[in-house]
Amino acid sequence: MPRLPAILTALVTAAFVLSPAVFGQFGGYEPSQFPIPQDSPKAQPAGYAFAIWGLIYAWLAVSAGVGLWRHGADGGWTRTRWALIASLGPGALWIGIAMGDPVWATVLIFWMLASAIAALFATPLRDRWVLQVPVALYAGWLTAASFVSLALIGAGWGVLTGETGWAILTLLGVLAVGITVQTRLRRAPAYGIAIVWALIGVAVNNITAAPVLGALALIGAVIMGVTAWRCRETV
């Protein structure tokens, strides 16, 4: 059944997009979920930044629909679909897991990230706006979200360093993965743009309480933005 991957992609995408309606909107972990409560965590972007999920959900839904309708048996799309299914399928349960156990949610989100990056590398050069761009935005935001989740686990359980230390490690981790993926991919600048959006959100969140950290996040956003800009020519 050559159309089976397209059908499965449409189904898991629908489950993923509808998950907030099932589990509720997610704007971050609750402070009480950690032994050391994480009130206004420094590693986390400002609340408005989570609005990017609306764009990601809508674009992934359009991509799945167009893919099923016009590219159901397309081999280039199929290579992307299997990795995307591996990310979106478990991801449909992520909000529910995050509301109950941030540790397992962190493990899961790194799985979602690895699968999303694999899907991004598998995207064909054609059909950029209906396949590559939504997958790139999704993978880019997950790159930031994964390390933010890890930072809250580390700070919330008092591992190694404090909240500020984990926020700095988060910035370094996001940049290390983001720059590596973007430069090896040499296309899909939407991936870097999603990371820039997240880093600006971190800067806004810290602009008054921790201005040095906010400045570091802005510097990181500039570096990531330049990296994405340089990769635009091969798109």
Determine, stepwise, if the pair Gln132 / Asp127 fulfils side chain to side chain contact (heavy atoms under 4.5 Å, CB included).
CA-CA 7 Å; Gln132 182 194 103; Asp127 303 318; over 6 Å; no

Assess the residue pair Leu68 and Arg3 against the criterion (side chain to side chain contact (heavy atoms under 4.5 Å, CB included)); give the C-alpha distance rounded to whole Å, side-chain angles, the decisive distance to 0.1 Å, and a yes or no.
CA-CA 8 Å; Leu68 180 60; Arg3 293 176 61 87; 3.6 Å; yes

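Applying the side-chain contact (heavy atoms from CB on, under 4.5 Å) test to Pro90 and every residue at least two apart in sequence or in another chain returns Leu108, Trp111. Every residue two or more places apart in sequence or in another chain that forms a side-chain hydrogen bond (donor to acceptor under 3.5 Å, both in side chains) with Thr143 is listed here: Tyr191. Ala116 pairs by the side-chain contact (heavy atoms from CB on, under 4.5 Å) definition with Ser87, Tyr138, Ala139, Leu142, not counting sequence neighbours.
In plain terms, the two heavy atoms of Ser146 and Phe110 that are nearest each other are O-CE1, 3.3 Å. Heavy-atom minimum distance, Ala105 versus Ile97: N-CG2, 3.7 Å. Shown here for Ile109 and Ala145, the closest heavy-atom pair between the two residues is CD1-CB, 3.8 Å. In terms of heavy-atom proximity, Pro45 sits nearest to Trp141 at CG-CH2, 4.3 Å. Minimum heavy-atom separation, Tyr29 to Ser149: OH-OG, 2.6 Å. Shown here for Ala203 and Ala217, the closest heavy-atom pair between the two residues is N-CB, 3.7 Å.
The closest side-chain heavy-atom distance from Leu152 to Thr106 is not below 4.5 Å. Annotation: side chain of Trp166 is in contact with side chain of Leu150 (closest heavy-atom distance under 4.5 Å). Within the 4.5 Å cutoff, the side chain of Met224 has heavy atoms near those of the Gln182 side chain. Contact check for Leu175 versus Leu199: side-chain heavy atoms found under the 4.5 Å cut-off.
Among the candidates Thr80, Thr9, Thr13, the single residue satisfying the side chain to side chain contact (heavy atoms under 4.5 Å, CB included) test with Ile85 is Thr9.
Applying the side chain to side chain donor-acceptor pair (under 3.5 Å) test to residues at least two apart or on different chains, the pairs with a partner in residues 34-62 are Lys42-Thr164. Here salt bridge (Lys or Arg N to Asp or Glu O under 4.0 Å) pairs that include residues 58-84, with residues two or more places apart or in two chains, are Asp74-Arg126. Residue pairs meeting the side chain to side chain donor-acceptor pair (under 3.5 Å) criterion with at least one member in residues 197-216, sequence neighbours excluded, do not occur.
Within 6.0 Å of CH2 on Trp104 lie no more than 12 heavy atoms contributed by other residues, nucleotides or ligands.
In the hydrophobic clustering of ILVMFWY residues, with side-chain heavy atoms under 4.5 Å counting as a link, Ile36 and Leu169 come out apart.
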